Amino acid sequence: MNTTDAPLLSTGQVFERMTKEGDVLLHALDAHAAQMPDKLLLHYGDENLDLSFAEFAARTRRMASGLAAQGVEAGDHVSVHSQNALITALSMFAIWRLGAVFAPINYNLRAGFLTYQVGDTAPKAIIADAHGVQLITQLRAEMPDFTLIGPGGDVEAYEADGPLPETTELGAADTAAIIYTSGTTGPAKGVRLGHRWINQYCYTARDMNTKEDVVHCDLPLYHVGGAFNLFGRAVWTGCTTGLWDRFSATEYWARIAKVGASATTLLDVMIPHIMSQPEGPDDAANTLNKMHIQPYTPRHHAFARRFGVDFISVGFGQTESGSVFAGVIDEFPDSQGTPANLWKGHDKETYRARVTALGRPIFDGREDLPKGIMGAPAKFFEVAAMDENDMPVPEGEVGQLCLRPRFPDLILQGYLNKPEATLKALKNCWFHTGDAIRCIDAEKGLYVFIDRMGGYFRVRGENVSSFEVESVILNVPGVRACAAVPIPAAVGEEDDIVVWIEPEPGVTLTHEQIDAHTEAEMPRYMRPRHVRFIDALPITPTAKVEKYKLRELILKDLQEGVSRK
């Protein structure tokens with residue numbers, strides 16, 4: 001782990017640095033629109049449309065005027081159902097101009113999932129694109145009353161000319177958004193987030209940026225990563241954003257070049273898709289010099305070396321708690337991967353100093369890192385690995401990540417319409433994340449992610465993490481992605497492990513290859529009892545593997561006597 005001689009900021013100094021320009025993202029937009037009106041705020045790639053800070057701010061005012069004409073007032077929930085990222089981006093700020101609450105809808109939801117979220121949110125209005133209007137209209141009889149705004153809805157346009165009503169000035173504690181959890185392990189919960197939460201969540205990343213940086217965003221804006229950590233961070237910093245509706249591996253580097261992007265986020269499942277594209281002699285000749293990966297992947301260094309990415313950050317964040325852990329991998333400690341003429345943002349020495357000042361560890365990308373490395377806690381939080389009785393576990397043992405904010409309004413305000421779930425999550429004055437972690441170095445404050453709580457298999461008297469199983473399988477050449485799931489053991493009351501494997505395109509894997517690797521790398525109790533190959537793992541729109549589908553499929557195969565394939 002690398003260190004620098006940069007002074008370490010105190011907890012109070014970091015909080016003051018985060019809040020010195022206020023806690024409300026809308027205020028940052030308006031300040032930049034006044035100070036640098038002609039600077040490019042975003043390039044919307046799907047329509048090849050450019051908007052300056054002043055133009056974007058003006059459009060959000062016109063959209064707010066249209067919402068006000070439909071009766072939207074401060075405190076109202078306004079949902080957004082749009083595959084068009086520009087509509088969602090404009091809507092978010094327009095909603096805030098009225099003091100209302102941004103409540104985006106996952107546009108992939110159908111039937112009962114969609115009616116559930118709309119019923120739970122109870123929006124005053126829903127802003128939708130043509131696709132959203134069609135879906136919502138089909139199910140409207142099953143939903144509460146609301147105004148539908150969009151093509152074919154109750155108004156013909158999203159924007160209108162007219163005065164904006166007088167509203168109370170937004171503050172740190174005012175509710176900014178309702179974001180729904182993925183719902184892969186139960187009914188989705190709407191998480192109520194305040195304006196300071198947005199500040200806290202994107203602060204860790206934006207502290208590493210300057211106005212010169214360009215942020216690439218292709219994550220959906222109904223998710224906190226796309227809406228706040230990418231687009232929101234760029235607006236707050238005064239950066240330009242390259243905005244696209246969805247990720248594309250084949251167009252990825254062309255998009256980076258189009259806007260000259262220097263910073264982005266990649267989900268770990270995206271990396272193999274990009275790496276599988278044909279290699280070229282100029283792969284590293286691009287502007288991307290810093291990126292965040294979530295969750296950590298051991299493939300980070302291979303990616304960085306091929307594409308010349310100097311800094312890759314790791315950490316832990318979630319909808320409820322925001323950005324809790326952070327660390328930075330310096331992939332080229334003795335050199336620079338990004339060509340000097342393409343570099344944007346802080347120089348490497350300044351970047352390292354800012355990382356160190358905030359108490360974040362810097363790792364050497366050339367060295368093997370612990371699986372699941374998250375870095376060190378942000379100064380805003382007290383964190384602990386707790387047992388089932390909310391007592392700290394010893395260093396090196398696995399416990400649930402629990403945290404307490406050191407300042408007001410930094411974490412969720414609660415779960416919408418679910419007071420019992422809120423009380424359970426906040427029992428004993430700790431927020432319980434539901435994630436299992438291990439402290440590997442208490443002196444340095446280093447932690448690793450283990451799995452979701454309950455993400456263990458109980459095999460032959462041992463607890464086995466799905467994350468650990470998957471990490472070993474991912475090291476088999478030709479494996480693009482994999483997922484480990486438990487099923488009832490054939491003998492006894494414990495679990496058998498099933499691993500589903502998605503090969504790289506054009507690669508044929510055999511059970512003998514997998515068996516040889518697991519026998520060499522795993523203790524006997526950790527080896528999967530069943531291995532299945534699949535063309536593509538089923539995933540949610542936020543790129544989480546839908547393991548329950550894989551479990552259902554293997555149980556059906558076994559019931560029907562289907563041999564391994």
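All of these numbers come straight from a predicted model, not from anything done at the bench. Hydrogens, waters and symmetry mates play no part in the numbers below; they use all other heavy atoms, side chains included.
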Peer 1: Are the side chains of Leu410 and Arg196 in touch, meaning some heavy atoms are under 4.5 Å apart?
Peer 2: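 Yes; the side chains approach each other to less than 4.5 Å.
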
Peer 1: Using 30° and 60° as the class limits, which term best fits the ring planes of His195 and Trp96: parallel, tilted or perpendicular?
Peer 2: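 Perpendicular, since the angle between the ring planes exceeds 60°.
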
Peer 1: Under the ring pair (Phe, Tyr, Trp, His ring centres under 6.0 Å) test, which residues partner Phe381, sequence neighbours left out?
Peer 2: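 So Phe381 forms no ring pair (Phe, Tyr, Trp, His ring centres under 6.0 Å) with any residue.
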
Peer 1: Roughly how far, to the nearest 0.5 Å, is the CG atom of Asp409 from the CD atom of Gln200?
Peer 2: 11.5 Å

Peer 1: Measuring from atom NE2 of His81 to atom CG of Asn84, what distance do you get when rounded to the nearest 0.5 angstrom?
Peer 2: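 The NE2 atom of His81 sits 13.0 Å away from the CG atom of Asn84.
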
Peer 1: Ile274 versus Trp253: any side-chain heavy-atom pair under 4.5 Å?
Peer 2: yes

Peer 1: Got a donor-acceptor contact below 3.5 angstrom from the Thr287 side chain to the Ala261 backbone?
Peer 2: yes

Peer 1: So is Arg233 actually on top of Tyr201's ring, under 6.0 Å and inside 45° of the axis?
Peer 2: no

Peer 1: Side chain of Asp174, backbone of Gly171: donor and acceptor closer than 3.5 Å?
Peer 2: yes

Peer 1: Is it true that, when you exclude Phe113 itself, more than 12 heavy atoms of the residues, nucleotides or ligands shown sit nearer than 6.0 Å to its CZ?
Peer 2: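 It does not: Phe113 CZ has 12 such atoms or fewer within range.
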
Peer 1: Measuring from Arg299:CZ to Leu474:CG, what's the distance to the nearest 0.5 Å?
Peer 2: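 Rounded to the nearest 0.5 Å, the CZ-CG separation comes to 5.0 Å.
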
Peer 1: Would a 4.5 Å heavy-atom cut-off, applied to side chains only, mark Val383 and Leu401 as touching?
Peer 2: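 Yes, close enough: below the 4.5 Å cut-off.
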
Peer 1: Could you check if a side-chain atom of Leu51 sits within less than 4.5 angstrom of a side-chain atom of Leu86, using non-hydrogen atoms only?
Peer 2: yes

Peer 1: Can you tell me if Tyr180 and Thr121 form a side-chain donor-acceptor pair at under 3.5 Å?
Peer 2: yes

Peer 1: His273 vs Tyr252, test: ring-ring contact (aromatic ring centres under 6.0 Å, His included). Steps then yes/no.
Peer 2: CA-CA 10 Å; His273 291 278; Tyr252 191 80; over 10 Å; no

Peer 1: If you take all heavy atoms of Ala128 and Gly132, which pair is closest and at what distance?
Peer 2: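 Shortest heavy-atom separation between Ala128 and Gly132 comes out as CB-C, 3.9 Å.
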
Peer 1: With rounding to the nearest 0.5 angstrom, report the CG to CD1 distance, Leu221 to Ile87.
Peer 2: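 Rounded to the nearest 0.5 Å, the CG-CD1 separation comes out at 11.5 Å.
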
Peer 1: With the side chain counted from C-beta on, respond yes when Ile179 and Pro104 share a heavy-atom pair under 4.5 Å apart, and no when they do not.
Peer 2: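 They are in side-chain contact.
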
Peer 1: For Asp76 and Leu67: C-alpha separation, side-chain torsions, deciding distance, then whether side chain to side chain contact (heavy atoms under 4.5 Å, CB included) applies.
Peer 2: CA-CA 11 Å; Asp76 287 339; Leu67 290 173; over 6 Å; no

Peer 1: Quick one: closest heavy-atom pair of Thr241 and Ala234, and the distance?
Peer 2: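 The answer is OG1-CB, 3.1 Å.
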
Peer 1: Using only atom types and a distance under 3.5 Å, with no angle test, would you say the side chain of Glu502 pairs donor to acceptor with the backbone of Leu537?
Peer 2: yes

Peer 1: Mind checking the OH-OG spacing from Tyr158 to Ser91? Nearest 0.5 Å is all I need.
Peer 2: 7.5 Å

Peer 1: Without swapping roles, check the side chain of Thr167 against the backbone of Leu98 for a donor-acceptor pair under 3.5 Å.
Peer 2: no

Peer 1: Using ring-ring contact (aromatic ring centres under 6.0 Å, His included), reason through Phe93 and Phe56 one step at a time and then give a plain yes or no.
Peer 2: CA-CA 10 Å; Phe93 286 91; Phe56 184 88; 5.7 Å; yes

Peer 1: Pairing donors with acceptors under 3.5 angstrom, does anything connect the side chains of Asn199 and Arg206?
Peer 2: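 Note: Asn199 and Arg206 side chains meet the donor-acceptor criterion.
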
Peer 1: Verify the distance criterion only: is there a donor paired with an acceptor across the side chains of Gln318 and Thr433 at less than 3.5 Å?
Peer 2: no

Peer 1: Check Gly238 against Lys39 and note the closest heavy-atom contact, atom names and distance.
Peer 2: O-NZ, 2.7 Å

Peer 1: With distance as the sole test, does Glu55 use its side chain to make a donor-acceptor pair with the main-chain N or O of Ser52 at under 3.5 Å?
Peer 2: yes

Peer 1: Near Lys258 NZ, under 6.0 Å, is it more than 12 heavy atoms from other residues, nucleotides or ligands?
Peer 2: no

Peer 1: Please step through side chain to side chain contact (heavy atoms under 4.5 Å, CB included) for the pair Ile293 and Phe303, ending with a clear verdict.
Peer 2: CA-CA 11 Å; Ile293 53 173; Phe303 186 93; over 6 Å; no

Peer 1: Take Tyr296 and Met374, measure what side chain to side chain contact (heavy atoms under 4.5 Å, CB included) needs, and give me the verdict at the end.
Peer 2: CA-CA 8 Å; Tyr296 168 80; Met374 301 188 300; over 6 Å; no

Peer 1: If the plane angle is over 60° it's perpendicular, under 30° parallel, otherwise tilted; pick one for Tyr222 and Tyr107.
Peer 2: perpendicular

Peer 1: What's the shortest heavy-atom distance between Leu412 and Trp197, and which atoms?
Peer 2: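 In terms of heavy atoms, the two residues are closest at N-CD1, 4.1 Å.
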
Peer 1: Tell me yes or no: between the side chains of Tyr415 and Glu320, is some donor less than 3.5 Å from an acceptor?
Peer 2: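 Checked: Tyr415/Glu320 side chains pair up, N/O donor to acceptor below 3.5 Å.
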
Peer 1: Counting C-beta onward and ignoring hydrogens, is there a side-chain heavy-atom pair between Leu416 and His77 closer than 4.5 Å?
Peer 2: yes

Peer 1: Working to the nearest 0.5 angstrom, can you tell me the gap between Ile136 CD1 and Met143 CE?
Peer 2: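 It is 6.0 Å, given to the nearest 0.5 Å.
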
Peer 1: Strictly by modelled atom types, are Ser262 and Asn289 linked by a side-chain donor-acceptor pair under 3.5 Å?
Peer 2: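 Ser262 vs Asn289: no donor-acceptor pair found between side chains.
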
Peer 1: Within the 3.5 Å criterion, strictly below it, is a donor on Ser276 or Arg480 matched to an acceptor on the partner's side chain?
Peer 2: yes

Peer 1: More than 12 heavy atoms of other residues, nucleotides or ligands under 6.0 Å from CD of Gln277: is that the case?
Peer 2: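 Yes - once you tally the heavy atoms of other residues, nucleotides and ligands closer than 6.0 Å, there are more than 12.
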
Peer 1: Taking all non-hydrogen atoms of both residues, which atom of Asn209 and which atom of Cys239 are closest, and how far apart?
Peer 2: CB-SG, 4.4 Å

Peer 1: Any non-hydrogen side-chain atom of Glu169 less than 4.5 Å from a side-chain atom of Val24?
Peer 2: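 They are not in side-chain contact.
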
Peer 1: State, yes or no, whether a side-chain contact exists between Leu42 and Phe231 at a heavy-atom distance under 4.5 Å.
Peer 2: yes

Peer 1: List the steps and the verdict of side chain to side chain contact (heavy atoms under 4.5 Å, CB included) for Met63 and Arg97.
Peer 2: CA-CA 9 Å; Met63 182 176 278; Arg97 289 198 183 281; over 6 Å; no

Peer 1: Could you pull out the closest heavy-atom pair between Ala176 and Ile198, with the gap in Å?
Peer 2: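 Taking Ala176 first and Ile198 second, the nearest heavy atoms are CB-CD1, 3.7 Å.
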
Peer 1: Is there a donor-acceptor pair under 3.5 Å between the side chain of Asp207 and the backbone N or O of Thr204?
Peer 2: no

Peer 1: I'd like to know if the side chain of Glu212 reaches the main chain of Gly345, judged simply by a donor and an acceptor atom lying under 3.5 Å from each other, with no hydrogens or angles considered.
Peer 2: yes

Peer 1: I'd like to know if the side chain of Lys124 reaches the main chain of Glu73, judged simply by a donor and an acceptor atom lying under 3.5 Å from each other, with no hydrogens or angles considered.
Peer 2: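 No, Lys124 side chain to Glu73 backbone: no donor-acceptor pair under 3.5 Å.
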
